[in-house]
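Remarks on the structure that follows.
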Amino acid sequence: MKALREEIKNQSFQRVYLLHGEEHYLRNYYRDLLCNAVVPAEDTMNRTVYEENRFTEGEAVDQAETVPFFAERRLLVFMRTGLFKKPSELLADYLKEIPDYAVLVFVEDEIDKRSKLYKAVQKNGRVIEFGIQDEKALSTWILKMITAAGLKITSADMHYFISRVGTDMYTLRLEADKLVQYLAGREIVTREDIEAVTTDRTENRIFDMIAAVTAGNRSLALRLYNDLIEQKETPVGILALMERQYHQLLLMREMLDEGVSSQTFAGKIGMHPYAVKKNLGIVRAGSAEKFRQAFRLCVQTEEDIKSGRVNDRIGIELAIVQLLK
């Protein structure tokens, strides 16, 4: 990202860019920064945006070959086209001969690094991956917003804010803005303020419910489940998250049993480092077989619900009771 910022600052652009990765907020932020630097947003004559697969590669090449209209550059933006997951021979070959006035920007959710087009961008331009940010980076980013509003927050409460809201940067930005507006005229952010303003993620409440199940606390586990239902969460949605969390717990427990360091869990199973840290207490309290049985029970409950053998809400209640045994 540093190289991209320098290119934007110096107006010295590559002929082609590929922006991809899971962190959509950062990816889209730099997409807009780059595109507006290449061609101003109001210059619709020299900006062409292609979305998904609603164009041909030949059309894109023809557009890139068109000389800018009273401007220095022509910009082509390709949004979620899927071109990096299928043969794209024409564009891949064209990247070797893009005219000096044209800049092509690809923005993709998923790519295949083995594809010819990916290798062509890598060779002739710049590839930038926007990965999920760690808690340290997120804390620094949020702190800038909070301090700019004249507020102070402790590291413990910042940690609590992120754990409650999650690591998605769009959501974090929205919740931080709500917090700033709520605290207008004050100086200190407290945990009570965070709880009063922010929305607790469903994943957190599912985590608390599974923690209660693991601890054998039947009344708390069922109360948390009923709270989720009252808050308009669907039983099937709750079950899907339970299934996902039990599968992650199983993978973590198996790795612990194999002697794998918990510090490497995040990269191995695609889980955010903070989530790994949060789950370790539950993982250490259970066995691989226990988590395997819980995961299988969730899968079986899902099948029973979908086949109509059991009512969705009752089916999950029964599963929770069975998990407590």
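Because the structure is a prediction, the values reported are computed rather than measured.
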Go through the steps for E129 and K113 under the test salt bridge (Lys or Arg N to Asp or Glu O under 4.0 Å), then give the verdict.
CA-CA 12 Å; E129 181 173 3; K113 294 183 179 180; 3.7 Å; yes

query: Given side chains that start at C-beta, do those of R284 and L256 come closer than 4.5 Å, heavy atoms only?
result: yes

Q. Where the side chain of N10 meets the backbone of E6, is there a donor-acceptor pair that is under 3.5 Å apart?
A. yes

- Query: For residues Y94 and E57, is any side-chain donor paired with an opposing acceptor at under 3.5 Å?
  - Reply: no

Are N28 and Y170 close enough that some pair of their side-chain heavy atoms sits under 4.5 Å apart?
yes

Q: Decide side-chain hydrogen bond (donor to acceptor under 3.5 Å, both in side chains) for D177 and Q181; before the verdict, give the C-alpha distance in whole Å, the side-chain angles of both, and the deciding distance to 0.1 Å.
A: CA-CA 6 Å; D177 285 344; Q181 291 173 24; 5.8 Å; no

The salt bridge (Lys or Arg N to Asp or Glu O under 4.0 Å) partners of K306 (sequence neighbours excluded) come to E302

**Asked** Ignoring hydrogens and geometry, is there a side-chain-to-backbone donor-acceptor pair from S115 to I111 under 3.5 Å?
**Response** no

To the nearest 0.5 Å, atom NE2 of H24 lies from atom CZ of R31 at 11.0 Å

Any side-chain heavy-atom pair of T81 and E108 under 4.5 Å:
yes

So does Y29 have more than 12 non-hydrogen atoms from other groups sitting under 6.0 Å from OH? no

Here the side chain to side chain donor-acceptor pair (under 3.5 Å) pairs for residues 249-259, sequence neighbours left out, are R253-D257, E254-R292

Of all heavy-atom pairs linking F13 and Y17, the shortest is CA-OH, 3.5 Å

Taking every heavy atom of A319 against every heavy atom of L297, the minimum-distance pair comes out as O-CD2, 3.5 Å

- Message: I'd like to know if R186 and D193 make a salt bridge, using a cut-off of under 4.0 Å between side-chain N and carboxylate O.
- Response: yes

Salt-bridge test for R47 and D43: reply yes if a basic N is under 4.0 Å from a carboxylate O, no otherwise. no

With side-chain hydrogen bond (donor to acceptor under 3.5 Å, both in side chains) as the test, would you mind laying out the steps for S12 and E7 before giving the verdict?
CA-CA 5 Å; S12 57; E7 288 167 0; over 6 Å; no

Distance-only donor-acceptor hits, side chain of residues 234-244, under 3.5 Å, sequence neighbours excluded:
unit_1	atom_1	unit_2	atom_2	d
T234	OG1	G237	N	3.0

>> Assess whether a salt bridge exists between E23 and R27, defined as any Lys/Arg side-chain N lying under 4.0 Å from an Asp/Glu carboxylate O.
In response: no

*asked:* Counting C-beta onward and ignoring hydrogens, is there a side-chain heavy-atom pair between L138 and E135 closer than 4.5 Å?
replied: no

Residue set satisfying salt bridge (Lys or Arg N to Asp or Glu O under 4.0 Å) with K85, at least two apart, ordered chain then number -> E110

*asked:* Is there a side chain to side chain contact (heavy atoms under 4.5 Å, CB included) between I194 and D157? Walk through the geometry before answering.
replied: CA-CA 8 Å; I194 294 170; D157 285 338; 4.2 Å; yes

Heavy atoms of R15 and P99 approach each other most closely as NE-O, 3.3 Å

d(M255 CE, L250 CG) to nearest 0.5 Å is 9.5 Å

Residue set satisfying ring-ring contact (aromatic ring centres under 6.0 Å, His included) with Y118, at least two apart, ordered chain then number -> none

Those residues at least two apart in sequence (or on a different chain) that pass ring-ring contact (aromatic ring centres under 6.0 Å, His included) with F55 are Y50, F78

Q.
Is there a side-chain contact between N46 and R73 in this structure, where contact means two heavy atoms from C-beta onward sitting under 4.5 Å apart?
A. no

Would you check if L34 and V105 make a side-chain contact, meaning some heavy-atom pair closer than 4.5 Å?
yes

(message) Atom CD of residue position E187 - does it have more than 12 heavy atoms of other residues, nucleotides or ligands inside 6.0 Å?
(response) no

Heavy-atom closest pair (L104 atom, A64 atom, distance to 0.1 Å) is CD1-CB, 4.4 Å

For L75 and V39 the tightest heavy-atom approach is CB-CG2, 3.8 Å

Worksheet item: Going through the distances and angles, do Q63 and E59 end up as a side-chain hydrogen bond (donor to acceptor under 3.5 Å, both in side chains)?
Response: CA-CA 6 Å; Q63 191 64 239; E59 290 171 352; over 6 Å; no

| message | Under a 3.5 Å cutoff, is there a donor and acceptor pairing between the side chains of D304 and Q300? | response | yes

Around atom CZ of R309, are there more than 12 heavy atoms from other residues, nucleotides or ligands closer than 6.0 Å? yes

*Crowding at CD, E72 (>12 non-hydrogen neighbours, <6.0 Å)*: no

Would M169 and W141 count as a side chain to side chain contact (heavy atoms under 4.5 Å, CB included) if you check the C-alpha gap in whole Å, the side-chain angles of each, and the deciding distance to 0.1 Å?
CA-CA 9 Å; M169 291 181 73; W141 177 61; 3.7 Å; yes

inquiry  = Are L143 and M158 packed together at the side-chain level, in the sense that at least one heavy-atom pair is separated by less than 4.5 angstrom?
reply    = yes

Point to revise | Student check: side-chain heavy atoms of F84 and V121 closer than 4.5 Å | key: yes

For L318, the hydrophobic cluster (side chain heavy atoms closer than 4.5 Å, chained through members) also holds I314

Note: D93-K116 ion pair, threshold 4.0 Å (strictly below):
yes

Just checking, any donor-acceptor pair under 3.5 angstrom between side chains of Y101 and E65? no

Worksheet entry | Expected output: side-chain T198 to main-chain E175 donor-acceptor under 3.5 Å | no

*asked:* Working note: I206 + Q245, criterion side chain to side chain contact (heavy atoms under 4.5 Å, CB included); need CA distance, chi angles, decisive distance, verdict.
replied: CA-CA 8 Å; I206 298 291; Q245 288 200 19; 3.8 Å; yes

Taken to the nearest 0.5 Å, the spacing of Q133 CD from D168 CG works out to 11.5 Å

Those residues at least two apart in sequence (or on a different chain) that pass ring-ring contact (aromatic ring centres under 6.0 Å, His included) with F130 are Y30

The salt bridge (Lys or Arg N to Asp or Glu O under 4.0 Å) partners of E303 (sequence neighbours excluded) come to none

ring-ring contact (aromatic ring centres under 6.0 Å, His included) filter on Y225, not counting sequence neighbours, yields none

Pair up each side-chain donor or acceptor in residues 209-224 with any protein partner under 3.5 Å, not counting sequence neighbours, and list the distances.
unit_1	atom_1	unit_2	atom_2	d
T214	OG1	I210	O	2.9
N217	OD1	S219	OG	3.2
N217	OD1	L220	N	3.1

Those residues at least two apart in sequence (or on a different chain) that pass salt bridge (Lys or Arg N to Asp or Glu O under 4.0 Å) with R54 are E51, E52

Exercise. Is the number of heavy atoms from other residues, nucleotides or ligands within 6.0 Å of NZ (K178) greater than 12?
Worked result: yes

Here the pair of heavy atoms bringing I128 nearest to L4 is CD1-CD2, 3.5 Å

- Are any of the side-chain nitrogens in R114 or D112 under 4.0 Å away from the carboxylate oxygens of its partner? yes

